[in-house]
Amino acid sequence: MNKVRVRYAPSPTGYLHIGGARSALFNYLYAKKCNGDFILRIEDTDIERNIPGADESQIKDLEWLGIYADESPYKPNEKYAPYRQTEKLDLYKKYAYELVERGLAYECYCSEEELAEMKENQLSNGVKSFKYDRHCLHLTKEEKQKYIDEGRKPSIRLKVEDNADLSFDDLVRGHVKFNSSDIGDFVILKSNGIPTYNFAVVIDDHIMEITHVLRGEEHLSNTPKQLEIYRYFGWEPPKFGHMTIIVNEKGKKLSKRDNNIIQFVSQYRELGYLPEAIINFLFLLGFTPKDNNNEIYSLKEQIETFNLEGLSTSPSMFDVSKLKWMNSQYIKLMDNEKYIKSISPFLDKIDYLKDKFTLTQRNELSLIFKQELNTLSDIKKEFDDIFIANDEFNQEENEILNKDSSKLILKTLANRIQNIETLNKESINSLFKEIQKELGLKGKDFYMPIRIKLTHKMHGIELYNIITILGKEETSKRLISGLIY
Ligand code: GLU
């Protein structure tokens with residue numbers, strides 16, 4: 001059997017999208033599982049939409065996620081290069097004209113206006129989907145010359161067979177039926193000499209010896225067109241698998257305009273998501289492992305576990321809270337050294353830490369919060385809650401603080417804490433015990449008012465940690481500030 005060669009083929013029209021990252025991941029996993037190659041090709045023929053630097057940024061983001069291409073524009077294999085479509089326009093042209101010479105494609109001189117009119121006429125006559133009416137299929141030499149003299153430049157259309165079976169076995173959804181009669185003669189080379197997606201992709205997949213194409217469901221209707229081109233050239237097509245769409249919590253297809261879901265990998269990085277967590281989350285977004293009772297998979301385990309049978313046939317829901325949970329798990333799993341290194345850029349952005357603490361103190365403090373974070377950028381809120389004092393509490397918090405017993409606890413602790421010589425876990429916890437005994441209060445009734453007053457939160461790190469960080473003076477001040485007796 002041929003070596004497995006798969007590809008991820010983004011258009012450089014923006015940053016790496018989370019859906020694109022999933023396609024890249026599944027292709028990568030399949031390649032690695034089969035000891036094959038993962039190729040990155042840039043499909044940049046939609047020239048107006050290209051953004052300078054977008055291909056580098058997408059590749060950088062993929063590498064940040066741990067997905068390295070075996071071949072790419074930056075790592076070409078001479079046998080298959082170039083890896084950017086605009087660098088081989090002559091090649092597409094050559095193939096397109098080969099089909100013209102064989103009578104399988106033809107020049108079309110229709111203008112955009114004429115095509116729009118044709119479409120409108122068909123639609124108003126009840127035709128559901130527009131098909132080119134083959135106006136230019138049998139143009140004589142003289143007719144062509146007339147168009148050329150008018151300054152028209154031809155595009156090339158494929159002469160699609162009538163009533164040919166273009167069905168295929170999809171790796172994800174099984175047998176999919178298509179008939180060529182549903183497809184009109186479509187353009188393969190535009191009048192400006194640039195190939196259309198459906199044509200370029202076939203030439204490239206063939207030349208690059210791609211064996212499997214795993215791509216998004218939105219390309220399913222393109223596949224029969226591509227299969228028709230393979231037939232005309234007599235080339236063996238790759239195997240196709242179309243992955244289901246990703247939907248939001250309301251069941252709607254994830255769109256770049258959906259403000260409730262962060263869309264780009266770089267945004268996740270800036271928020272302090274870890275690449276391992278994102279990859280793990282994407283792995284389970286549309287793939288169900290056979291064992292199905294594990295949630296945490298390293299990239300290596302993903303390669304071992306992945307198979308095409310596990311790709312889901314129904315839409316995959318993007319569960320933001322699951323992603324956050326996944327990230328918190330990976331933060332907890334990090335060793336402390338790596339954690340400090342990863343969180344440092346986020347700590348650097350918190351100005352007041354610079355005046356208050358040395359670098360070592362700051363790093364030690366951040367370790368106290370390691371178990372609390374969903375994302376690394378959450379550290380700012382954790383610190384702000386402790387270091388930026390304010391006396392505003394929400395209704396639930398006020399109800400607790402306004403109890404007589406709470407006031408008594410706060411006042412007693414504020415006084416007694418002054419007598420402690422060294423603040424540490426033992427001294428603080430034994431003071432708590434002493435006061436609990438005296439006042440006959442314990443558990444939530446005892447701890448909650450203290451926690452709220454010191455951190456404005458009902459959950460979080462151990463109280464002795466908070467008190468040690470704040471010191472005696474600040475703790476006392478905060479416990480009694482705003483108390484009315
Ligand atoms: N450039 C296409 C896209 O970004 C790739 C489609 C394919 O994988 O064939 O959707």
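For clarity, every value in this text was computed on a predicted model and none was experimentally measured. First listed ligand is number 1; within each ligand, the first listed atom is number 1. Reckoned from all heavy atoms, side chains included, excluding hydrogens, waters and symmetry mates.
- Counting heavy atoms closer than 4.0 Å to ligand 1, residue His219 contributes side-chain atoms (C-beta onward) but none from N, CA, C or O.
- Listed by number with element, the atoms of ligand 1 under 4.0 angstrom from any heavy atom of Arg215 are 7 (C), 8 (O), 9 (O).
- Relative to the six-membered ring of Phe346, Lys380 misses at least one condition, a distance below 6.0 Å or an angle of at most 45° to the axis.
- Atoms of ligand 1 lying under 4.0 Å from any heavy atom of Ser11, numbered from 1 in the order shown and given with element: 1 (N), 4 (O).
- Between Tyr330 and Tyr273, a ring centre-to-centre spacing not shorter than 6.0 Å is recorded.
- The side chain of Tyr197, and not its backbone, has at least one atom closer than 4.0 Å to an atom of ligand 1 (non-hydrogen atoms only; side chain from C-beta on).
- Atom 2 (C) of ligand 1 has as its closest protein heavy atom Glu43 OE1, 3.3 Å.
- The shortest separation from a heavy atom of Arg7 to ligand 1 is under 4.0 Å, placing the residue in contact.
- Taking the ring centre of Phe240 as origin, the terminal cationic atom of Arg215 falls outside the region bounded by 6.0 Å and 45° from the ring axis.
- Near Val201, meaning under 4.0 Å from any of its heavy atoms, are these atoms of ligand 1: 9 (O).
- Within the set Ala200, Gly19, Ala9, Gly216, the minimum heavy-atom distance to atom 5 (C) of ligand 1 is found for Ala9.
- In summary, the side chains of Asp385 and His456 do not present any donor paired with an acceptor at a separation below 3.5 Å, with no hydrogens or angles considered.
- Minimum interatomic distance between Asp170 and Val176 (heavy atoms only, all atoms of both residues): CB-CG2, 3.7 Å.
- Partner of His17 under the ring-ring contact (aromatic ring centres under 6.0 Å, His included) criterion, out of Phe264, Phe318, Tyr8: Phe264 alone.
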